Amino acid sequence: YVHLYLNGKYWGLYNPCERPDHNFLANHLGGESENYFYAKGRKSKASDDRDGEPGQSKSRFYEANSKDYSKMPFDEMRNWVMVDKSIASVLVYGYANPGDGHQYYYGNSNDPPGPVVWIPWDVEDSFGGGGRRSGPPSIKSMIKNKEKNGFMAFWTNIDFRMRFNDLVYKHFFYDGVMTDNNAIKAWDWLTGYIYKAIICESARWGDERSADPMDRDDEWNAARLAVRNDLKGRAG
């Protein structure tokens, strides 16, 4: 987390992150960035997709999405899709239900040929307690809206579905990272970490344009507690 200034003017508290483009994929998966394809997807409309760098080959990606996975051996399927990472992106969206989503990046290595991965993006408007447009989690809509980018095709593979179930079991039960206690513990740590910094944020966005200033101990704390309460039972 950082305090951002633009030409000396305080602009608020920010959480910088890497844009999951071809450079990101090369940094995390190895190789050179020019050997990767990536694009940004949004909702379920193909017209919403935004291609990455000019000249990148999409052939590997399209081939991965045109496969019949229903009878494909699972080890072969892993050559075409990063199974665990792509399932994780769906679980994150299903759990958090971002109001501005779902948006995601996807890509793959072309040289050497590699599997496709989906990465969540633009998830700051999450959870019914804090987001303006979000609400109860809906994993069904996430899976349905992944149809154009292969997820429904993957779902036809029984081993893929079993792996999906295994990861749900791992993360949402028996002290997994998405169980209520662990999610609330992470939320408490995060909000405690930025607690003092929120004073500056409230001065920028709560005081400057308002005749009735907002502050940390009332408005922000209420929003923090609303999200915290919303996490109770969410794993279920």
Side-chain angles (χ1 to χ4, degrees), residues 1-29 33 38-43 48 50 52 85-86 88-107 117-135 137 142 171 176-210 213-232 234-235:
Y1 281 82
V2 299
H3 290 299
L4 176 66
Y5 291 81
L6 296 178
N7 296 325
K9 183 179 181 65
Y10 182 70
W11 208 256
L13 185 66
Y14 279 73
N15 179 17
C17 63
E18 295 180 89
R19 185 180 300 276
D21 56 14
H22 57 314
N23 296 306
F24 172 94
L25 293 170
N27 285 338
H28 289 272
L29 301 177
S33 57
Y38 83 95
K40 182 181 179 183
R42 189 170 187 272
K43 308 286 186 185
D48 284 341
R50 304 170 190 172
K85 288 182 172 60
S86 295
S89 77
V90 177
L91 295 181
V92 166
Y93 267 109
Y95 180 80
N97 195 27
D100 198 25
H102 37 270
Q103 299 187 50
Y104 44 88
Y105 278 78
Y106 52 90
V117 64
W118 280 265
I119 303 170
W121 186 253
D122 208 12
V123 295
E124 75 276 10
D125 187 16
S126 297
F127 305 121
R132 292 172 295 157
R133 292 159 291 177
S134 55
M142 182 59 194
H171 296 311
V177 296
M178 307 297 270
T179 53
D180 292 353
N181 285 342
N182 285 331
I184 291 171
K185 187 186 301 182
W187 180 251
D188 286 344
W189 179 88
L190 177 64
T191 54
Y193 181 72
I194 62 174
Y195 183 72
K196 290 183 179 179
I198 289 295
I199 294 176
C200 301
E201 176 79 5
S202 67
R204 168 70 177 99
W205 297 111
D207 292 355
E208 185 181 55
R209 302 178 183 179
S210 175
M214 296 184 291
D215 63 32
R216 177 191 64 185
D217 294 331
D218 291 328
E219 285 81 5
W220 180 81
N221 199 47
R224 178 187 70 83
L225 291 174
V227 173
R228 192 182 196 278
N229 289 330
D230 188 62
L231 295 176
K232 298 174 183 177
R234 199 170 189 90

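It should be emphasised that the depicted structure is a prediction, and the values quoted were computed from it without experimental measurement.
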Are the side chain of [X] and the backbone of [Y] linked by a donor-acceptor contact shorter than 3.5 Å?
X	Y	value
Asn27	Asn23	yes
Asn229	Leu225	yes
Glu201	Gly12	no
Arg216	Tyr195	yes
Trp187	Arg224	yes

At what distance, to the nearest 0.5 angstrom, does [atom1] of [X] lie from [atom2] of [Y]?
X	Y	atom1	atom2	answer
Thr179	Asn181	OG1	CG	6.0 Å
Leu13	Tyr1	CG	OH	7.0 Å
Ser202	Asn221	OG	CG	12.0 Å

Exercise. Given the rule in the side-chain contact (heavy atoms from CB on, under 4.5 Å) test, do Val90 and Tyr95 qualify, once you have shown the distances and angles that lead to the verdict?
Worked result: CA-CA 8 Å; Val90 177; Tyr95 180 80; over 6 Å; no

Exercise. Would you call the rings of Tyr10 and His3 parallel, tilted or perpendicular, where under 30° means parallel and over 60° means perpendicular?
Worked result: tilted

Exercise. Do Arg19 and Tyr105 have side-chain heavy atoms sitting under 4.5 Å apart?
Worked result: yes

Exercise. Can the ring centroids of Trp121 and Tyr104 be said to lie less than 6.0 angstrom from one another?
Worked result: no

Problem set entry | N-O pairing of Arg234 and Asp180 below 4.0 Å | no

